[in-house]
Amino acid sequence: MQIFLFDSLSRKKREFIPLDNDNIRIYACGPTVYDYAHIGNARMAVVTDLLVRTLQTLYKNVTFVSNITDVDDKIIKAANASKKPINEITSKFQKIYEEDMENLGVQKPYKQPKATDHINEMIEMIESLIRNDCAYISEKNVLFNVRKYKFYGCLSRRSKDEQIAGSRVEVANYKKNAEDFILWKPSKDNEPGWNSPWGKGRPGWHIECSAMSKKCLGLPFDIHCGGVDLTFPHHENEIAQSCSSISPNSEPNSFCNYWFHNGFVTASGEKMSKSLGNIKLVNEILKKYDGSIIRFSLLTSHYRQPLDWSEDILKQSKKTLIKFKRIIESSEPIDSANNPKIRKYFDDFLNAIYDDLNTPKALGILNKWFEVIKKSRSTEKQYILASIIKGLEILGVNLTKIKPTLSQVDNTLQSRILKMINERDEARQNKDFKKADIIREKLKNLDIEIEDTVKGTIWRKND
RNA sequence: GGUGCGGUGGCGGAGAGGCUACGCACCGGCCUGCAAAGCCGAGUACACCGGUUCGAAUCCGGUCCGCACCUCCA
């Protein structure tokens, strides 16, 4: 079985062929830690994590590196606004990010390099670019000369002239060409700065990923991941820098072999933005829904498709997962390790995932199996069930923590509910169904749903 | 203006020339004091207009609409 991935550079689905079978190397542009992570950040992390897990089914060693951007204009702004030191902001939000992602079942990257720990590597790379005549110094800035890289635009497919024509950005007068981008810029007094051959300054945005991917993985590596919005200019510039630092006009694949981009998350069909006030924070959603439900929701559509986020997706996912949880918990577990009978079913699932991570198709297969299990009494059904469990494992969905409800009910309300249920049970025993129904109605008004089972009456709070 | 992605049943969402996924909701039935849950069953679809073909949601041409990027942004 082979894995196929859509490569944004060639815009084709390509079979994944590792550069080194014994070590698969992946890099993903990680978060800028200046605020809470939103659902878009989460999609990127979850999808990349799924890619890693998928590769791990076929390859023993998968080295996944994802950076933390801890020096940036937005961070400086956030620090000034809150009047707190920069590292207090970045360490706080890095911690929150890591906790949130852990809740979503995202495995920790093998390495999580911080930009501020790699200033020297960035300076070295900038020096090599100057040496290779691809960068120039202008008014204490160091800029990359886009005209010196003949493949510039290969990823985003933009011609330079067209770009300039429609550009909304004002061209700084220290640039030779409008598209040239900053590698190093002087720091103002109140900004963080490092000594460099060009004076006290700080790095431009793009150079960090080039420097850290090279340092942590070596060049070239297998797959570079990120959100589609990063295609231009961030990834385009990374290619230009990384390749030009090797030697002028190095081919794009001297940097990395596959480009993996995930689609955007929107809210009510529009981009999440602070001005619209429609940013959905992972931290907030986690208060109401288990991380596995959020993760599952993110996987209900294909990773390259746009995803319009809504509470409906969460509700539906929750239902589906509770359905799976019930059937799994009511069945006897079997040892699933390398059982050929399981393999037979499980390969169907794997094939869907191996086909450019087609999670909706894979989920469809899981649901079909679910139907089979319901109808079948044969021993075959336990193999199918084991396949469902294995499938959910690949998806990184952990059912153990999912409860029918996550809503908090305080003790007073709880005892009140139990009292009412007792009253109702008494009424039912006395065949006073009218009274019983009135009590149920009252509970319903408190958002409490009840269910009479053989084991007695159970209740849950509706979200 | 340029670049890219997309428009599939009430909703979500795969598929990519004949096998018309899948889930949620809805409807009918079983079960139940009644509900709920569970089970059984039915229906509804490929933005529009042309063309190719025995056959198109899928290929070709055109039209309309939506979103994103081109500026920090996952």
Side-chain angles (χ1 to χ4, degrees), chain A residues 8 11 28-32 34-35 37-48 66 69 72-77 153 155-170 178-179 205 225-234 236 261-266 269-274 279 296-297 299-302 304-308 310 312-313 315-320 322-323 326-327 330 352 355 358-371 374-375 404 427-429 431-434 436-437 440-441 443-444 449-454 457-460:
Chain A
S8 333
R11 271 203 271 168
C29 295
T32 304
Y34 71 108
D35 205 347
H38 56 66
I39 196 68
N41 300 303
R43 187 183 200 191
M44 181 259 152
V46 164
V47 162
T48 311
S66 186
T69 299
D72 172 89
D73 290 349
K74 282 176 303 204
I75 298 171
I76 295 169
K77 222 185 255 176
L155 183 67
S156 56
R157 280 151 223 275
R158 284 157 217 266
S159 84
K160 289 157 208 154
D161 303 328
E162 282 162 349
Q163 234 183 92
I164 297 158
S167 183
R168 280 174 279 168
V169 84
E170 244 177 82
E179 330 84 89
W205 172 39
C225 313
V228 263
D229 59 313
L230 292 182
T231 312
F232 190 88
H234 187 57
E236 193 71 60
H261 285 109
N262 65 275
F264 237 70
V265 181
T266 55
E270 280 190 308
K271 181 179 163 161
M272 290 188 281
S273 73
K274 284 191 174 163
I279 295 180
F296 190 86
S297 301
L299 297 176
T300 52
S301 62
H302 185 85
R304 281 192 283 119
Q305 293 296 109
L307 172 62
D308 195 34
S310 70
D312 262 11
I313 304 175
K315 284 183 182 163
Q316 207 172 301
S317 300
K318 184 174 168 179
K319 257 189 163 163
T320 307
I322 287 173
K323 180 177 87 172
R326 277 186 181 149
I327 200 159
S330 65
D355 182 14
N358 194 336
T359 49
K361 194 175 174 187
L363 259 26
I365 290 168
L366 250 38
N367 274 310
K368 253 186 191 159
W369 287 342
F370 183 82
E371 289 300 308
K374 279 195 302 198
K375 285 173 190 165
R428 285 170 68 221
Q429 263 165 23
K431 307 249 182 233
D432 186 356
F433 296 121
K434 205 172 173 188
D437 288 349
R440 185 170 57 204
E441 227 12 73
L443 282 163
K444 206 176 174 184
E449 197 89 44
I450 55 166
E451 191 181 324
D452 298 324
T453 74
V454 258
T457 304
I458 59 168
W459 64 276
R460 61 178 156 260

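Convention: sequence-line order gives letters A, B, ...; per-chain numbering from 1. On a predicted model such as this, the values are computed, not experimentally measured, just so you know. When reading the values below, keep in mind they use all heavy atoms of this one structure, side chains included, and skip hydrogens, waters and symmetry mates.
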To the nearest Å, how far apart are [X] [atom1] and [N] [atom2]?
X	N	atom1	atom2	answer
Gln305(A)	rC5(B)	CD	P	11 Å
Leu307(A)	rG6(B)	CG	C1'	14 Å
Ile458(A)	rA37(B)	CD1	C1'	8 Å
Leu299(A)	rA14(B)	CG	P	12 Å
Lys361(A)	rA16(B)	NZ	C1'	11 Å
His234(A)	rA74(B)	NE2	P	10 Å
Met272(A)	rC67(B)	CE	C1'	14 Å
Arg157(A)	rG1(B)	CZ	C1'	20 Å

For [X], which residues count as a side-chain contact (heavy atoms from CB on, under 4.5 Å) partner, sequence neighbours excluded?
X	result
Asp229(A)	Phe264(A)
Ser310(A)	Asp312(A), Ile313(A)
Thr266(A)	Asp308(A)
Ala45(A)	Tyr97(A), Met101(A), Val106(A)

Answer with base, sugar-phosphate or nothing: what part of the nucleic acid does [X] contact at a heavy-atom distance below 4.0 Å?
X	result
His302(A)	sugar-phosphate
Val265(A)	base
Lys271(A)	base
Gly227(A)	sugar-phosphate

Taking atom [atom1] in both [N] and [M], compute the distance separating them and give it to the nearest angstrom.
N	M	atom1	answer
rA57(B)	rC34(B)	C1'	46 Å
rG13(B)	rG18(B)	C1'	23 Å
rA45(B)	rG10(B)	P	8 Å
rA25(B)	rG7(B)	P	25 Å
rG43(B)	rC48(B)	P	23 Å
rG28(B)	rA36(B)	P	12 Å
rU53(B)	rG61(B)	C1'	16 Å
rG33(B)	rG41(B)	P	25 Å

Practice task
For the side chain of Asn358(A), starting at C-beta, report the closest nucleotide among rU3(B), rG15(B), rG13(B).
Solution key: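 Minimum distance to the Asn358(A) side chain belongs to rG15(B).
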Practice task
Taking only the side-chain heavy atoms of Thr32(A) (C-beta and beyond), determine which of rA74(B), rG38(B), rC70(B) contains the nearest atom.
Solution key: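 Nearest to the side chain of Thr32(A) among the choices is rA74(B).
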Practice task
Using the closest heavy atom to pick a nucleotide of RNA chain B for each, name whichever of Lys74(A) or Asp312(A) lands nearer the 5' end.
Solution key: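 Residue closer to the 5' terminus by nearest nucleotide: Asp312(A).
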Exercise for the section: Please figure out whether Leu230(A) or Gly364(A) has its closest RNA chain B nucleotide nearer the 5' end. Expected result: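 Result of the comparison: Gly364(A).
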Completion exercise
Nucleotide by nucleotide, nucleotides 23-35 of chain B touches protein heavy atoms under 4.0 Å in the pattern (B base, S sugar-phosphate only, - none) BSS-------BBB
Practice task
Answer yes or no: does a side-chain N or O of Arg304(A) lie under 4.0 Å from OP1 or OP2 of rC5(B)?
Solution key: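 Checking Arg304(A) against rC5(B): no side-chain N or O falls below 4.0 Å of OP1 or OP2.
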Problem - rA37(B) OP1/OP2 closer than 4.0 Å to side-chain N/O of Arg326(A) - result: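 Checking rA37(B) against Arg326(A), no side-chain N or O comes under 4.0 Å of OP1 or OP2.
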Taking the side chain as every heavy atom from C-beta outward, state whether [X] and [Y] have any atom pair closer than 4.5 Å.
X	Y	result
Lys323(A)	Phe370(A)	yes
Ser156(A)	His234(A)	no
Met44(A)	Leu230(A)	no
Arg304(A)	Asn262(A)	no
Met272(A)	Val265(A)	yes

Handout entry: Per-nucleotide pairing state of RNA chain B [Watson-Crick or G-U, under 3.5 Å; [ ] pseudoknot-crossing; | other strand]
Key = (((((((..(((.....[...)))..((((.......)))).....(((((..]....))))))))))))....
Exercise for the section: Can you sort out the partners of Asp72(A) under side-chain hydrogen bond (donor to acceptor under 3.5 Å, both in side chains), two or more places apart, ordered by chain and number? Expected result: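 Once residues adjacent in sequence are excluded, Asp72(A) has no partner under the side-chain hydrogen bond (donor to acceptor under 3.5 Å, both in side chains) criterion.
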Handout entry: Test side-chain hydrogen bond (donor to acceptor under 3.5 Å, both in side chains) applied to Glu371(A) - qualifying residues, sequence neighbours left out
Key =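 side-chain hydrogen bond (donor to acceptor under 3.5 Å, both in side chains) list for Glu371(A), sorted by chain: Lys374(A).
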Exercise for the section: Go through the structure and list residues passing salt bridge (Lys or Arg N to Asp or Glu O under 4.0 Å) with Asp355(A), not counting sequence neighbours. Expected result: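 Here the qualifying residues are Lys13(A).
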Practice task
Mind checking salt bridge (Lys or Arg N to Asp or Glu O under 4.0 Å) for Glu270(A) and listing every partner two or more places apart, or none if nothing turns up?
Solution key: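 If we apply the salt bridge (Lys or Arg N to Asp or Glu O under 4.0 Å) test to Glu270(A), skipping adjacent residues, there are no hits.
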Practice task
Taking ring pair (Phe, Tyr, Trp, His ring centres under 6.0 Å) as the test, write out the residues that go with His302(A), two or more places apart.
Solution key: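 Once residues adjacent in sequence are excluded, His302(A) has no partner under the ring pair (Phe, Tyr, Trp, His ring centres under 6.0 Å) criterion.
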Expected rows: protein N/O vs nucleotides 17-19 of chain B N/O, under 3.5 Å:
none

